[in-house]
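These notes concern the structure reproduced below.
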Amino acid sequence: MVDDLFSPHLSSPQPVYLDGLNSEQRLAVETTQGPLLILAGAGTGKTRVLTTRFAHILLEKLAWPEQVLAVTFTNKAAREMRERISGILNKPVEGLWLGTFHSLCARMLRQHAPRVGLERSFTILDTDDQMRLLKQVIEPWRLDLKRWPPAQIMHQIQLWKDRALLPEDITPAQDTDIANGQAQPIYKAYQARLKELNACDFGDLMLHMVTIFRQHPDVLAQYHQRFRYILVDEYQDTNSIQYLWLRLLAKRDDGAPANIACVGDDDQSIYSWRGADITNILRFEKDFPGAKIIRLEKNYRSTPRILRAASQIIAHNEDRLGKTLHPGLDQAEGDPIEVISTPDSDDEARVVGLTIQNLHNQGQNYKEIAILMRAGFQTRAFEEALMRMGIPYHIVGGLRFYERAEIRDAIAYMRTVLYPTDDLAFERIVNLPKRGFGNVALAKLRTAARQRGLSLQQTLQQQLEQKELKGKAANSLNAFMEAILLSRHIASTEGHVVATEKVLEESGYLTMWRDDPKTVEAAGRLDNIQELLRAIGEFPTMEAFLEHIALVMDTDNLQDDQNRVSLMTLHAAKGLEFPTVFLPGWEEGIFPSQRSLDEGGNQALEEERRLAYVGLTRARERAIILHAASRRIYANWQDSIPSRFIDELPSEQIIKREPARQSQRTGSFFNRRFQQHTPRMPSGRYSPKSPSARPPIPLGATIRHNRLGEGVVVSIEGERLSVNFEDVGLKQVMASFVEIIS
DNA sequence: TTCTAAAATATTTTT
DNA sequence: TATTTTAGAA
């Protein structure tokens with residue numbers, strides 16, 4: 001069965017699947033033994049090399065499919081890789097260890113959960129559950145939640161997990177910043193509570209596996225024996241624990257060189273704020289002695305002019321392994337990059353819309369065009385402009401299907417039906433819709449449950465049966481429990497889809513949305529729930545479905561073929577390409593973002609520059625950069641100067657354009673008049689509250705705040721002021737909320 | 001407990 | 001501007 005797969009290739013001098021690879025790509029595919037780092041610039045055929053290499057290992061019979069470990073960051077990348085491998089092998093492949101770090105860890109952990117005190121049936125919590133749990137855990141500490149927001153504590157815990165630190169690994173010195181130095185005991189309590197619930201959060205998937213590898217050499221040895229080859233995608237984005245996990249799996253006891261191949265591009269590392277550690281890629285040679293490095297520098301995507309511009313920008317960074325993109329296609333120079341400056345952000349959107357209209361009239365499809373911006377809020381202006389012009393568009397990214405409140409509610413209902421001991425799911429929906437069972441009642445139930453040693457749901461059921469509850473809440477809760485029990489019964493007779501439909505109906509959840517006054521929005525939510533029911537039907541059991549959504553947060557985007565313009569952030573655009581790319585908002589403070597610069601200094605600036613590089617290299621034929629002299633940010637106008645990145649572009653590759661003002665009809669009548677008739681320079685007339693209209697607040701000034709009273713400014717960080725108030729002491733306030741007295 | 005209105009606040013978000 | 005969080009009243 002396997003042989004018929006191999007024979008056609010064995011007989012030919014060069015396997016077909018190697019045709020069309022350039023010499024570097026070919027080397028990257030055929031260098032199978034020992035550690036290998038493939039530095040693959042944008043558009044150099046990274047995915048092709050990775051998949052071909054995988055297929056090559058199989059076809060050369062170097063390993064069986066289940067002996068290769070292939071790690072990606074996104075489900076999308078994993079899916080694509082799987083498809084392309086089957087494409088090369090010309091048959092579906094099964095039994096591959098190919099997936100995201102987290103899904104692979106989940107698969108392993110199902111096997112070895114008892115080694116860290118979990119049952120194999122552990123549940124994986126989503127972020128809402130995590131926060132709810134943490135909030136309960138920190139209660140005994142009686143922290144000032146204003147000063148120590150739970151989200152911040154969660155962040156700290158996650159940082160520790162990302163560095164593979166268990167509660168007992170944390171020294172007091174590492175635990176001073178957050179929650180009065182109580183973060184470590186909170187972390188410990190949180191982990192204990194997770195164990196009680198037989199649950200783990202996302203970070204735990206990796207943390208538990210690394211812990212098991214470290215504490216149980218027999219388990220690690222098992223995987224050493226299994227995996228003969230390891231492939232890693234997007235290596236520049238790995239964080240400490242992912243790196244550790246890889247190294248544990250790659251380094252064998254016998255000291256044999258690891259067959260680990262990592263593909264990455266240090267110039268496209270844009271997730272440091274998420275814990276990605278660029279030094280992982282910079283120190284690869286040190287960690288894996290004898291490592292070979294292959295650079296893929298032939299770009300098959302963009303015009304020479306775009307490549308030169310992108311190269312020139314990224315050359316301003318110092319922390320690089322260094323590589324240069326060369327045009328790999330035999331093609332003409334291409335158009336220069338356009339740099340368009342507009343008077344304000346409304347014009348910016350309009351110019352983009354008009355240009356798209358022109359391109360479309362010249363025959364370009366909408367789906368060949370993308371608008372890539374630094375931050376999500378920038379999309380709004382473009383949405384408005386495109387809608388007005390009747391240009392079809394869609395927003396990529398944004399809130400994902402399984403993150404919508406109604407979907408999470410419905411899932412919580414399903415979990416409540418399926419798992420009578422799932423307290424977190426139960427808490428989410430007991431009082432949704434309102435059943436007169438609020439926080440106070442819930443707290444009582446929690447105490448009762450603890451005394452009885454039962455779950456919340458079991459306790460409530462007992463109390464209802466024994467008529468321990470009274471009042472109108474008792475009635476609605478009775479109906480609620482009945483719906484749960486009925487659905488549980490139906491699940492075993494008529495299947496999980498009908499059961500789900502039934503709880504949502506009988507519990508009154510659907511009615512809640514039907515009666516919602518905001519009909520348009522509510523209708524959308526009901527549609528989403530229909531969509532959810534359809535998705536559930538594609539899985540054999542509810543458990544299978546829940547496992548799937550815990551790990552795969554995106555719904556398969558099947559609507560890719562629709563002809564419409566794509567709007568997304570630069571981050572979301574990584575890995576994609578479009579013939580025409582608009583890059584708006586290249587202004588100081590926006591891009592590079594002020595906040596990055598304030599917090600991360602030069603390192604952050606370099607990351608912003610890498611973002612610019614990512615943005616430019618998405619374009620195949622045409623890149624258009626825009627900046628506005630004045631931008632509406634939320635309520636008010638702010639003047640801005642062109643981004644330093646524009647100055648870093650090679651002047652011979654760009655052409656500057658300044659279209660005439662064309663704004664009309666935005667904002668109020670008065671705003672319009674001011675914009676058209678006020679001289680621009682001593683600006684800020686658009687709105688009296690605009691930051692530029694306000695005189696700058698000097699250090700030591702006395703100010704008044706509506707709520708906090710009068711005080712003295714003791715420090716200034718951009719818009720954020722530290723003020724010593726007469727009545728309430730030192731507080732942080734936004735500059736736009738104060739008024740200067742003296 | 002729930003409703004209401006005012007106040008705060010708003011990068012990027014692969015799992 | 002728009003959304004979410006909060007404090008206080010009903």
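Note on naming: letters A, B, ... go to the chains in the order of the sequence lines (proteins, then strands), and numbering restarts at 1 for each one.
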Test item: [X] side-chain N/O and [Y] main-chain N/O as donor-acceptor pair under 3.5 Å:
X: A/Gln236; Y: A/Ile281; answer: no
X: A/Gln378; Y: A/Ala375; answer: yes
X: A/Arg632; Y: A/Ser345; answer: no
X: A/Asn239; Y: A/Ile241; answer: yes
X: A/Asp277; Y: A/Ser240; answer: no

*Between A/Gln594 and A/Lys434, just flag the one whose closest nucleotide in DNA chain B comes earlier from the 5' side.*
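Checking each residue's closest nucleotide, the 5'-ward one belongs to A/Lys434.
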*Between atom CZ of A/Arg132 and atom CG of A/Leu125, what is the distance when rounded to the nearest 0.5 Å?*
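So the CZ of A/Arg132 and the CG of A/Leu125 are separated by 10.0 Å.
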Rounding to an integer number of Å, can you tell me how far [X] [atom1] sits from [N] [atom2]?
X: A/Gln378; N: B/dT11; atom1: CD; atom2: C1'; value: 9 Å
X: A/Lys76; N: B/dT13; atom1: NZ; atom2: P; value: 13 Å
X: A/Leu605; N: B/dT12; atom1: CG; atom2: P; value: 19 Å
X: A/Leu576; N: B/dT14; atom1: CG; atom2: P; value: 13 Å
X: A/Ile590; N: B/dA10; atom1: CD1; atom2: C1'; value: 12 Å
X: A/Asp598; N: B/dT12; atom1: CG; atom2: P; value: 16 Å
X: A/His548; N: B/dT15; atom1: NE2; atom2: C1'; value: 13 Å
X: A/Asp162; N: B/dT13; atom1: CG; atom2: P; value: 18 Å

*Decide yes or no, distance alone: a donor-acceptor N/O pair under 3.5 angstrom between the base of B/dT11 and the side-chain of A/Ser596.*
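Pair found.
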*Can you find a donor-acceptor pair, distance only, under 3.5 Å between A/Arg274 side chain and B/dT15 base?*
yes
_Counting only side-chain heavy atoms from C-beta out, which of B/dT1, B/dT11, B/dT15 sits nearest to A/Asn439?_
B/dT1
*To the side chain of A/Ser593, which of B/dT1, B/dT11, B/dT13 is closest?*
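Among the listed nucleotides, the one closest to the side chain of A/Ser593 is B/dT11.
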*Side chains of A/Leu445 and A/Phe426: closer than 4.5 Å at any heavy-atom pair?*
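Contact flag for A/Leu445/A/Phe426 side chains = yes.
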_Any side-chain heavy-atom pair of A/Leu570 and A/Phe591 under 4.5 Å_ = yes
Determine the contact category for [X]: base if any of its heavy atoms lies under 4.0 Å from a base atom, sugar-phosphate if only primed atoms, P, OP1 or OP2 are that close, otherwise nothing.
X: A/Asn431; value: sugar-phosphate
X: A/Gln158; value: nothing
X: A/Ala441; value: sugar-phosphate
X: A/Gly376; value: sugar-phosphate

*asked:* Tell me whether A/Phe377 and B/dT11 count as stacked here, given that the ring centres must be under 5.5 Å apart and the planes must differ by less than 30 degrees.
replied: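 A/Phe377 ring does not meet the centre or angle cut-off for B/dT11; no stack.
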*5'-to-3' dot-bracket of DNA chain B (Watson-Crick, G-U; under 3.5 angstrom; crossing pairs as [ ]; | other strand)*: ||||||||||.....
*Residues within residues 99-107 of chain A bordering DNA chain B, heavy-atom distance below 4.0 Å*: A/Thr100, A/His102
*Would you say B/dT15 has OP1 or OP2 under 4.0 Å from some side-chain N or O of A/Arg400?*
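Affirmative; the distance criterion is met.
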*Are OP1 or OP2 of B/dA10 and a side-chain N or O of A/Arg595 less than 4.0 angstrom apart?*
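So the side chain of A/Arg595 is outside the cut-off, no N or O lying under 4.0 Å from OP1 or OP2 of B/dA10.
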*If a protein heavy atom is under 4.0 Å from the base, mark B; if only from the sugar-phosphate, S; if neither, -; do that for nucleotides 1-10 of chain C going 5' to 3'.*
BS---SS---
_Is there a side chain to side chain donor-acceptor pair (under 3.5 Å) between A/Tyr509 and A/Asp409? Walk through the geometry before answering._
CA-CA 9 Å; A/Tyr509 184 77; A/Asp409 293 340; 2.7 Å; yes
*If we ignore angles and hydrogens, is there a donor and acceptor under 3.5 Å between the side chains of A/Gln638 and A/Glu587?*
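The criterion, which ignores hydrogens and geometry beyond distance, is not satisfied for A/Glu587 and A/Gln638.
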*Do you know which of A/Arg428, A/Lys135, A/Arg415 makes salt bridge (charged side-chain N to carboxylate O under 4.0 Å, His left out) with A/Asp129?*
A/Arg415
*Assess the pair A/Tyr271 and A/Trp273: is the distance between their ring centroids shorter than 6.0 Å?*
yes
*Inter-nucleotide P distance (B/dT12, C/dT5), Å rounded*: 16 Å
*Just do the side chain to side chain donor-acceptor pair (under 3.5 Å) check on A/Asp201 and A/Gln158 with the steps written out, would you?*
CA-CA 10 Å; A/Asp201 68 16; A/Gln158 238 128 39; 4.6 Å; no
